[in-house]
Amino acid sequence: MAAFAAFRERHYEPYLHYAALRIGQYGAAERAVAAAFTELAVSWTAVLGSSGPAAVAWDILHDHIGQALCGCCHPCLPGRSLHLEAQVLHRRLQLSSERVAEVLGIPVEDVCGLLPFLGTSKG
């Protein structure tokens, strides 16, 4: 579980800030992120065996944000938009392109395509 603890430590803050922006309520964002990490902990072995653990984790977070937004037990967000998510992480949370790639679980080259006119920021 050391790998899970390290992953949680590295991803908790950007997940929480992103969730708070999407949900609009910090308490609800904290609950959504906690639920996402609980689900991740339960399925961590399978997540690690996937081709992209960070991408799987981001999908789980996305589902929990959707549940928080509609107040029910199933995701209510429309289909994901990596372009929008990358923009929010980069512009609003001021994460570097490399950090955005890490959080979303995608190659940094893909992030550069999603953020074509932006340089790297702190993060």
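Model, not experiment: these values are computed from the prediction.
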Please name all residues satisfying side chain to side chain contact (heavy atoms under 4.5 Å, CB included) with [X], sequence neighbours left out, ordered by chain then number.
{"X": "Ala57", "answer": "Phe7, Tyr15, Leu40"}
{"X": "Ser50", "answer": "Pro53, Val56"}
{"X": "Ala36", "answer": "Ile60, Leu61, His64"}

What closest approach, in Å, do [X] and [Y] show between heavy atoms, and which atom pair accounts for it?
{"X": "Gly105", "Y": "Ala54", "answer": "CA-CB, 3.5 Å"}
{"X": "Ala101", "Y": "Pro107", "answer": "CB-C, 4.0 Å"}
{"X": "Ser97", "Y": "Val111", "answer": "O-CG1, 3.7 Å"}
{"X": "Ile23", "Y": "Ala29", "answer": "CD1-CA, 3.8 Å"}

Sidechain-backbone polar pair: Ser96 side chain, Arg99 backbone, donor-acceptor under 3.5 Å: yes
Side-chain heavy-atom pair Ile106, Leu114 within 4.5 angstrom cut-off: yes
So, do Glu39 and Val42 sit near enough that their side-chain heavy atoms are less than 4.5 Å apart? no
Measure the NE2-CD distance between His62 and Glu85 for me, rounded to the nearest 0.5 Å. 5.0 Å
Atom pair CG/CG of Leu21 and Leu93 - distance to nearest 0.5 Å: 5.5 Å
Looking at residues at least two apart in the chain, or sitting in another chain, which of them share a ring-ring contact (aromatic ring centres under 6.0 Å, His included) with [X]?
{"X": "His17", "answer": "none"}
{"X": "Phe4", "answer": "Trp44"}
{"X": "Tyr18", "answer": "Trp58"}

Shared hydrophobic cluster for Leu104 and Val108 (ILVMFWY, side-chain gaps under 4.5 Å): no
With sequence neighbours left out, which residue pairs that include part of residues 23-36 fulfil the side-chain hydrogen bond (donor to acceptor under 3.5 Å, both in side chains) condition? none
